[in-house]
Amino acid sequence: MELEKAYNPTEAESTHYKKWEANGCFAPEINENREAEAFSIVIPPPNVTGSLHMGHALQHTLMDVLTRWKRMQGYRTLFLVGVDHAGISTQLMVTRQLKKEEHKTPQDIGREAFTEKVWAWKKQYGDTITKQIRREGLSVDWSRERFTMDESLSIAVRNVFVTLYEEGWIYRGNRIINWCPKDKTVLSDLEVKEETKKDGKLYYLQYPVKDTAETSASASVPRRITVATTRPETMLGDTAVAVNPDDERYADLIGKTIELPLTNREIKIIADDYVESDFGTGAVKITPAHDPNDYEIGLRHDLEQINIMNNDATMNENAGAEFEGLDRFVAREKVIEKFEELGLLEKIDDYEVVLPHCERCKTVVEPLLSDQWFVNMSEMRDLALGLMKKDGVPHFSPQVPHEKVYTTWLENLKDWTISRQLWWGHQIPAWYDEVGNVFVAKTEKEAIAKAGTKNLTQDPDVLDTWFSSALWSFSTLGWNGDVTETEDLKTFHPTSVLVTGRDIIFLWVSRMVMTSLKFVGEKPFDDVIIHGTVLDKNGQRMSKTKNNGVDPLDVFDKFGVDATRITLAGSSTGADFAWRDEKVESFRNFANKIWNATRFCLMNSEGAKVDFASLNNTENLSIADKWIISRFNKTATALNKALETYQFHEAVQLLYHFFWDDFCDWYIELVKDEMTAEESSPKRDETRSRIVTILEQSLRLLHPFMPFLTEELWHKLPATSNALHHSAYKNADATIMLADFPKGDASMFDEKAEAEMQAVIYLITKVRNIRAEMSIKPSDKPAIHIAASGHLQRVFRENEAQILKLARATDLLVGEKLDVPKASAKAVLTGGAELAIPLEGLIDFDKEIERLENQISKLGVEGERLEKQLSNQNFVERAPVEKVQDLKDRMTEIETQSAALKQSLDALK
RNA sequence: GCCGACUUAGCUCAGUGGUAGAGCAUCCGCUUCACACGCGGGAGGUCACAAGUUCAAAUCUUGUAGUCGGUACCA
């Protein structure tokens, strides 16, 4: 069998996934071991409206690497997939479509027809994400796919709502909330993003104070009090002006009345500690219906709350006939004009102002007074904090800074605004009778029973999308409040690890912890991996507005899914990183390297089979064999350790260097002659079996990262079958994804073989170095002279054939001493050995002198540093003994080597 | 304002109380019978700056500067 010259991912990516899925490899039921320990991950459900971006690809890769790795280790593995209904986003998209196609608004067609349209839309476009997830190769169990608006998940939402209401944690209240005038809904604090506006203004408005004419300079003009504001239009809703009680400037005005300009109202001057005398004018206009602080002051002083805006941020009738119907920003201009006309505009200062924006549509959010549903989080918050304090759960990776950020946020947690003025989502299970009494119940029927009347209207609002996501870890496993025990819950909850971005630690992670503790009575997961953000190549955040996003699908097409996956995993240290196509390109090359190494093995595979016994037959093993077996087991051990601690970058480095450097650059080259021998022989078969076996084991290590390539190649290796599966999958159809993941066997570590091989590698490298520096043509084959101790002599002789081949030499002469002509290039090796290459007629003496001087000077620099350190009494006395001994040994080696090089140099001069 | 992270080779990034690492780029040489998506050999860094702790600091502490986050807020 001969492979194509280069790996083309297309075919592998289009065939294996279907087969894995059809064979049920992704479902936990594939595991035949009833006692198997469970490993479970729930996907952070992507928005049903969305398509994948690079952040998803990263996150999904990490989850799949862990899942495939654990599955191969024999765990009963569940990677649960699903999507989120994403209330606002989805409603906006369908609204836009409706407008474009039918020139209608949701109100035109009504709630029922509109939500039907959203469902239809969801059915049509909702599988964009799932197709992409298949493309990524994720080993998710499609039979357990969930949607946040599935029947059972919706029942869970209603049960949780009712319970929290009945226990008094959920309440309906009239509060200052964040209002998005474009989306026309309330937003929670977490959905509001602050943005600094550099060119903002601070307006100073003068309010005339009644009955103060006698204290003014002019007998007929009343005194004025100046207030500063960034939102002058809200003065139309002012119901007081506040000053600090200790502010002498205003002491005599407290209790006086202001004739509020542009309105017919009179408002009081009040005293409140909240006002800071040093800031602005020391007098603050109070608008209780449009500012959270003013609202609080209003409550303290029993002030009237005047709402002056409609839900689209135009002014309403309370703003007065002149302003009614004007947009808030137009009204602002007009208020300023009027004040100017009245001579009451003192000044306008430039002012850097921080404005809250709607996270989704970027509209400036308006704080206003509104009736909404809230959750008081204090009980659940304490449960979550207790879990962290007691068990350190969830364990964040990296722990710094996320654990602290999470804890601090919980400690300062405020009530959660959960109602949304939307139609797409879970409608709030609350009904009102004709006089406004509220009945919260799981179903309308129960509400009717409670109310004693059928004449009820359900609250039109829906719940925040994150309310249902908060239940995701257990609602997806069957918990819905009516049903509280299922096999899946018992087996897979708590889940093992959650992988997500830091932007939703508060929105999602913390809330899952809280609801899980409250409703299931246990943590939702042990560990939380917070991955970094994928930035563009200039280190900027990718965004639609900047149009600097990189589409994973394009990268898949260009470089293959496996190359993309291993690039992402290899970049993942928890820190943000800039995307570079060149990185994927180098891993595409890595994929091709794996392909070609396999190709070469298959070209010489007659008589070979994957057979673990070939690695255990120590009698027939060469130094190189022992070396690669040792290297493999160390790599496997370190790889498992890296994955246990979620060190994905480390894991990829280990694989890359083991496979490319150790296996391809050295092992294949070292055994090439034996492998490609023309005569078939038991020895050749053994060599071939050995290398194919190591290759097969390596493919297993690579599989979690590069599933398609490894599956493709694995099936081509001789004698691969389900006999290589982990025992938990012994009856399943043969696939590498169920093969036993190599643990790494410490008894196969061979320090002696590694040291010996290292000496050989060093020798070959030195000869190559001399060849390159002395410009020896590849076709010229010199002899290699070596002086070495008895043990090293034996090692070099044992590897004579390989040394001659890889160093391109004719003879290897090993002895106690060097006996070579003056016209030789020399170098020192480890263990006091020396190397010489006679170059009669080829040597350039000046070049060789330069070479030797260069080496001597390098050793000299190191020697000086060691000398200095070893002559430091403090060091010798206080440093660990082994450390001191190491340095002494190294010093001796340097002295020996320097002496040898100097001798060679003298001989040339 | 408060909290935090980062600053290492031209670029993107690892790393660690004890002789500075990778990939890419760069330089030199190779159609060596798996691979030019390759092979071989080089060059390149006072690990942001300053002080401190230590036998030893790029690594720990503090401060400074720059970059980027999170979060709060004074009208």
Side-chain angles (χ1 to χ4, degrees), chain A residues 2-3 5-7 189 194 202-203 227-231 234 241-242 274-276 278-287 291 293-294 351 354 398 400-402 404-405 408-409 412 502-503 505-506 533 535 537 539-541 559 563 567 570-571 573-583 585-604 647 649-650 652-653 656-657 664-665 668-669 672 676 764-765 768-773 775-779 805-808 861-862 865-866 869 872-880 883-884 886-887 890 894:
Chain A
E2 185 159 333
L3 304 184
K5 211 170 166 184
Y7 173 51
D189 295 348
E194 308 284 347
L202 187 61
Y203 304 88
V227 295
T229 180
T230 55
R231 295 188 294 154
T234 62
V241 167
Y274 163 77
V275 180
E276 290 179 28
D278 325 348
F279 188 86
T281 62
V284 187
K285 59 187 277 308
I286 302 299
T287 324
D291 183 279
N293 295 306
D294 293 7
Y351 188 70
V354 181
V400 177
H402 301 117
K404 193 178 164 195
V405 169
T408 308
W409 183 79
N412 298 300
R502 73 174 85 80
D503 51 333
I505 293 177
F506 307 147
T533 309
L535 308 170
K537 65 181 190 310
Q540 301 289 310
R541 292 182 88 89
F559 299 109
T567 302
S571 303
T573 59
D576 296 351
F577 60 94
W579 178 262
R580 317 224 90 219
D581 266 3
E582 296 91 318
K583 258 193 265 190
E585 199 178 337
S586 78
F587 279 105
R588 186 273 315 265
N589 296 350
F590 181 52
N592 192 50
K593 190 75 182 174
I594 298 166
W595 176 267
N596 269 290
T598 308
R599 176 171 183 253
F600 174 71
C601 290
L602 291 175
M603 287 165 77
N604 300 285
Q647 307 293 308
H649 169 84
E650 173 69 12
V652 170
Q653 290 299 309
Y656 187 92
H657 292 294
C664 292
D665 286 351
I668 289 183
E669 296 303 329
K672 205 172 230 178
T676 56
I764 293 169
T765 305
R768 285 170 171 173
N769 172 280
I770 289 172
R771 296 188 62 110
E773 290 195 23
S775 305
I776 299 169
K777 279 187 268 173
S779 51
K805 180 180 160 77
L806 299 183
R808 303 183 73 81
V861 170
E862 196 187 338
R865 192 177 38 228
L866 290 179
Q869 216 172 338
N872 180 344
Q873 271 310 113
N874 279 325
F875 170 71
V876 178
E877 282 166 17
R878 301 205 189 190
K883 192 74 221 166
V884 178
D886 278 357
L887 292 197
R890 179 65 188 147
I894 286 173

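Note that this is a predicted model, so its numbers are computed, not measured. Throughout, protein chains are lettered first and strands after them, A, B, ... in sequence-line order, and every chain is numbered starting at 1.
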Taking all non-hydrogen atoms of both residues into account, name the closest pair between [X] and [Y] and its distance.
{"X": "A:F559", "Y": "A:R588", "result": "O-CG, 3.6 Å"}
{"X": "A:R231", "Y": "A:K285", "result": "O-NZ, 4.4 Å"}
{"X": "A:T230", "Y": "A:L202", "result": "CG2-CD1, 3.7 Å"}
{"X": "A:D291", "Y": "A:D294", "result": "OD1-N, 3.0 Å"}

| Is a donor on one side and an acceptor on the other found under 3.5 Å between the side chain of A:H649 and the backbone of A:S571? | no
The side chain of [X] is closest to which nucleotide in this list: [options]?
{"X": "A:A578", "options": "B:A34, B:A75, B:C13", "answer": "B:C13"}
{"X": "A:K672", "options": "B:A34, B:U19, B:A75", "answer": "B:A34"}
{"X": "A:V400", "options": "B:A5, B:U19, B:C73", "answer": "B:A5"}
{"X": "A:E862", "options": "B:U19, B:A75, B:C35", "answer": "B:U19"}
{"X": "A:F506", "options": "B:G41, B:U19, B:U71", "answer": "B:U71"}
{"X": "A:E276", "options": "B:C37, B:A75, B:A34", "answer": "B:A75"}
{"X": "A:F875", "options": "B:U71, B:G18, B:A75", "answer": "B:G18"}
{"X": "A:M603", "options": "B:A75, B:U19, B:A34", "answer": "B:A34"}
{"X": "A:K593", "options": "B:G70, B:A75, B:G38", "answer": "B:G38"}
{"X": "A:F600", "options": "B:A34, B:A75, B:G18", "answer": "B:A34"}

Does a side chain donor of either A:N589 or A:E585 reach within less than 3.5 Å of an acceptor in the other side chain?
-> no
Would you indicate, yes or no, if [N] has its OP1 or OP2 atom less than 4.0 angstrom from a side-chain nitrogen or oxygen of [X]?
{"X": "A:K883", "N": "B:G17", "answer": "no"}
{"X": "A:Y351", "N": "B:A75", "answer": "yes"}
{"X": "A:K777", "N": "B:C28", "answer": "no"}
{"X": "A:N769", "N": "B:G42", "answer": "yes"}
{"X": "A:T573", "N": "B:A14", "answer": "yes"}

Counting any heavy atom closer than 4.0 Å, what does A:T676 reach on the DNA or RNA strands: base, sugar-phosphate only, or nothing?
nothing
Need one value for A:F559: base, sugar-phosphate or nothing, where a base atom within 4.0 Å counts as base even if backbone is also close, heavy atoms only. nothing
Measure [atom1]/[X] against [atom2]/[N] and give the value in whole Å, please.
{"X": "A:F279", "N": "B:A75", "atom1": "CZ", "atom2": "P", "value": "5 Å"}
{"X": "A:D576", "N": "B:G69", "atom1": "CG", "atom2": "C1'", "value": "8 Å"}
{"X": "A:R502", "N": "B:C68", "atom1": "CZ", "atom2": "P", "value": "15 Å"}
{"X": "A:I668", "N": "B:U32", "atom1": "CD1", "atom2": "C1'", "value": "15 Å"}
{"X": "A:D278", "N": "B:A75", "atom1": "CG", "atom2": "P", "value": "14 Å"}
{"X": "A:E194", "N": "B:U71", "atom1": "CD", "atom2": "C1'", "value": "9 Å"}
{"X": "A:N592", "N": "B:A36", "atom1": "CG", "atom2": "P", "value": "8 Å"}
{"X": "A:Q540", "N": "B:G69", "atom1": "CD", "atom2": "P", "value": "8 Å"}

message = Can you confirm whether or not the ring centre of A:Y656 sits under 6.0 Å from the ring centre of A:F587?
response = yes
Paired runs of 3 or more consecutive Watson-Crick or G-U pairs involving RNA chain B, with both pairing distances under 3.5 Å, are B:1-7 with B:65-71, B:10-13 with B:21-24, B:26-30 with B:38-42, B:48-52 with B:60-64
Where do N or O atoms of nucleotides 22-25 of chain B meet protein N or O atoms at under 3.5 Å, pair by pair?
| residue | atom | partner | partner atom | Å |
| --- | --- | --- | --- | --- |
| B:G23 | O2' | A:S586 | OG | 3.1 |

**Prompt:** When you look at A:F600 and A:I668, which way does the side chain to side chain contact (heavy atoms under 4.5 Å, CB included) test go after all the steps?
**Reply:** CA-CA 9 Å; A:F600 174 71; A:I668 289 183; 3.6 Å; yes
A:L806 side chain near A:R768 side chain, heavy-atom distance below 4.5 Å = yes
- Item | NZ/NE/NH1/NH2 to OD/OE distance under 4.0 Å, A:E862 and A:R890 | yes
